[in-house]
Amino acid sequence: MTTRQRVLLLGATGETGGSILEGLLAADQYDVEILVRPSSASKQSVKDLVDRGVQLRVFDLCAPQSEITSALSGIDILISAIGPRDLLQQEALVRAAKEAGVKRFIPCAFITIAPPTGAMLLRDEKEEIYNEIKRVELPYTVIDVGFWHQISFPSVPSGRVDYANFGPDATIHGDGDAPNILTDLRDIGRFVARIIADDRTLNQFVYTCGDVLTENEIFGIVEELSGEKIERTFETSQQIEQKVEDAVSDLAQNPDDLTKRMAVWIAQYNHSKYVRKDNRPDYAKYLGYLDARELYPDLVPVSFRDYFLEVLDGKGKRPYMG
């Protein structure tokens, strides 16, 4: 009889963390606990999870390392879906996990494929954590997911899909022909539950994928299924590059301004995806990623087409409603 592994998840009330939690619980092969800060333990979203029988471990990531190490006692797999502004707080978590004997750490990755440094500030900061993991020789798996279906579709003239759209827009970036890896948000957890049980993924980078589509292909699917003609706006590669330059310059004047930091993240995402064209399977393979679709051919992810049919049927859900 296989011993159930004890998994501790940080960030369970977020969008990515919520998907991971659902995937772990549905797999019914793990003993799942969630890690919350003392300031979050009384939040309704946390209480709702407790009511479902999820166990809590409450501690502060800013506590002395000895306390964090003690709090990680008995954990086999530690998964971090921490928010982007707190990424570097994982350094203490990495060191504590090593001391506590955690068998695998899944750091907060879960973004598009991009170079380790120099293309996206967000990816650069994640790389600092990956380097700390390797410095202390902590077993790990890095999981990236491309862009979500849920934030990849344009608005249509009637506005009937705007209820599910995080930022209603109909912009084509560059020539619109950059292929992009897409994953349905709900599938992230399903993939994670498989990946963390697989010895082949230990000390590896893995990417998930539900579709690979260009913006032109996405717009074509949306027009076909909705029966509406999208009034496109266009942003040239030069305009995208200028937005990156302006956002980086603004942030340099006040590095602690979260709004300006978010502007850099957004601008660099667009530059990486549509100008550099990083977020594609062949580049992921070049960087050494394993393809989760090849690892788990029986796991059939939601296609973008099927997802958008749900949206048209009124069954979509806008991310970050909270």
Side-chain angles (χ1 to χ4, degrees), residues 15-16 18-19 22-23 110-113 144-191 207-240 243 265-267 269-282 284 291-293 297-322:
E15 296 290 344
T16 298
S19 175
E22 295 303 326
F110 308 113
I111 62 169
T112 54
I113 305 301
D144 278 321
V145 300
F147 225 55
W148 304 342
H149 293 345
Q150 283 79 359
I151 52 177
S152 297
F153 64 91
S155 181
V156 295
S158 68
R160 60 180 166 142
V161 300
D162 289 355
Y163 79 95
N165 198 322
F166 180 58
D169 195 4
T171 300
I172 294 288
H173 300 87
D175 58 14
D177 286 330
N180 270 280
I181 295 168
L182 306 174
T183 300
D184 190 287
L185 176 59
R186 296 163 296 181
D187 280 335
I188 293 174
R190 297 173 64 212
F191 275 115
Y207 78 93
T208 70
C209 183
D211 246 321
V212 180
L213 296 170
T214 68
E215 279 191 310
N216 288 329
E217 289 170 332
I218 289 171
F219 277 52
I221 291 170
V222 169
E223 289 182 327
E224 173 197 343
L225 297 180
S226 69
E228 298 187 49
K229 181 67 176 177
I230 299 172
E231 299 176 4
R232 294 160 171 76
T233 57
F234 296 88
E235 189 168 271
T236 67
S237 296
Q238 292 74 23
Q239 288 172 319
I240 295 170
K243 282 189 174 181
W265 295 338
I266 294 169
Y269 257 125
N270 287 339
H271 186 264
S272 176
K273 291 194 301 174
Y274 304 122
V275 180
R276 288 183 48 87
K277 303 182 180 181
D278 292 325
N279 186 42
R280 63 186 199 276
D282 60 314
D291 184 342
R293 296 169 301 175
D298 60 310
L299 197 167
V300 181
V302 178
S303 68
F304 176 80
R305 175 180 288 271
D306 286 345
Y307 165 72
F308 193 70
L309 282 171
E310 292 182 16
V311 173
L312 289 173
D313 199 31
K315 299 177 181 178
K317 178 182 176 184
R318 183 166 66 88
Y320 302 114
M321 286 293 287

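- Between the side chain of Ser19 and the backbone N or O of Gly189 there is at least one donor-acceptor pair closer than 3.5 Å.
- No donor-acceptor pair closer than 3.5 Å links the side chain of Asp211 to the backbone N or O of Ser303.
- Screening residues 302-316 for salt bridge (Lys or Arg N to Asp or Glu O under 4.0 Å), with sequence neighbours left out, gives Arg186-Glu310, Glu224-Arg305, Asp313-Lys315.
- Every pair passing salt bridge (Lys or Arg N to Asp or Glu O under 4.0 Å) that includes a residue from residues 212-223 is listed here, sequence neighbours excluded: Glu223-Lys229, Glu223-Arg232.
- Qualifying ring pair (Phe, Tyr, Trp, His ring centres under 6.0 Å) partners for Tyr274, counting only residues two or more places apart in sequence or in other chains: His173.
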- Message: Please determine whether side chain to side chain contact (heavy atoms under 4.5 Å, CB included) holds for the pair Leu185 and His149, giving the CA-CA distance in whole Å, both sets of side-chain angles, and the decisive distance to 0.1 Å.
- Response: CA-CA 7 Å; Leu185 176 59; His149 293 345; over 6 Å; no
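- Taking all atoms of both residues into account, the shortest heavy-atom contact from Thr16 to Phe110 is CG2-CG, 3.8 Å.
- For the residue pair Ile240 and Ala267, the shortest heavy atom distance occurs at CG2-O, 4.4 Å.
- Looking at Val222 and Phe304, their side chains come closer than 4.5 Å, going by heavy atoms from C-beta outward.
- In this structure, the side chains of Lys243 and Glu235 come closer than 4.5 Å at one or more pairs of heavy atoms.
- For the pair Ile218 and Phe153, the tightest heavy-atom approach, listed with the atom from each and the gap, is CG2-CA, 4.3 Å.
- Applying the salt bridge (Lys or Arg N to Asp or Glu O under 4.0 Å) rule to pairs touching residues 167-176 yields Asp175-Lys277, sequence neighbours excluded.
- Judged as a side chain to side chain donor-acceptor pair (under 3.5 Å), and not counting sequence neighbours, the contacts of Thr183 are Thr208.
- Within the structure, salt bridge (Lys or Arg N to Asp or Glu O under 4.0 Å) pairs that include any residue of residues 148-160 comprise Arg160-Glu228 (at least two apart or interchain).
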- Let me see the working for Phe219 and Asn216 under side chain to side chain contact (heavy atoms under 4.5 Å, CB included), right down to the final yes or no. CA-CA 5 Å; Phe219 277 52; Asn216 288 329; 5.8 Å; no
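- Contact check for Leu312 versus Val161: side-chain heavy atoms found under the 4.5 Å cut-off.
- For Ser272, the side chain to side chain donor-acceptor pair (under 3.5 Å) test picks out Asp278, with sequence neighbours left out.
- Scanning all heavy atoms of the two residues, the minimum distance from Asn165 to Arg318 falls at O-CD, 3.1 Å.
- Cys209 and Pro301 make their closest contact through O-CG, 3.4 Å (heavy atoms, listed as atom of the first residue, atom of the second, distance).
- With sequence neighbours left out, the salt bridge (charged side-chain N to carboxylate O under 4.0 Å, His left out) criterion links Asp187 to Arg190.
- Here the side chain of Tyr163 pairs a donor or acceptor atom with the backbone of Gly316 at under 3.5 angstrom.
- Legend: residues meeting side chain to side chain donor-acceptor pair (under 3.5 Å) with Ser155, ordered by chain and number and at least two apart, are Asp162.
- No side-chain donor-acceptor contact under 3.5 Å links Asn180 to the backbone of Thr214.
- Side-chain contact between Leu213 and Ile221: present, with at least one pair of heavy atoms (C-beta onward) separated by less than 4.5 Å.
- In this structure, Asn279 and Gly146 approach most closely via the heavy-atom pair OD1-CA, 3.6 Å.
- Contacts of Tyr269 classified as ring pair (Phe, Tyr, Trp, His ring centres under 6.0 Å), with partners at least two apart in sequence or in another chain: Phe147.
- Here the side chains of Tyr207 and Asp291 are in contact, with some heavy-atom distance below 4.5 Å.
- With sequence neighbours excluded, no residue satisfies side chain to side chain donor-acceptor pair (under 3.5 Å) with Tyr307.
- With sequence neighbours left out, Phe166 forms a ring pair (Phe, Tyr, Trp, His ring centres under 6.0 Å) with Tyr320.
- Annotation: the span from Ile172 atom CD1 to Thr236 atom OG1 amounts to 13.5 Å, rounded to 0.5 Å.
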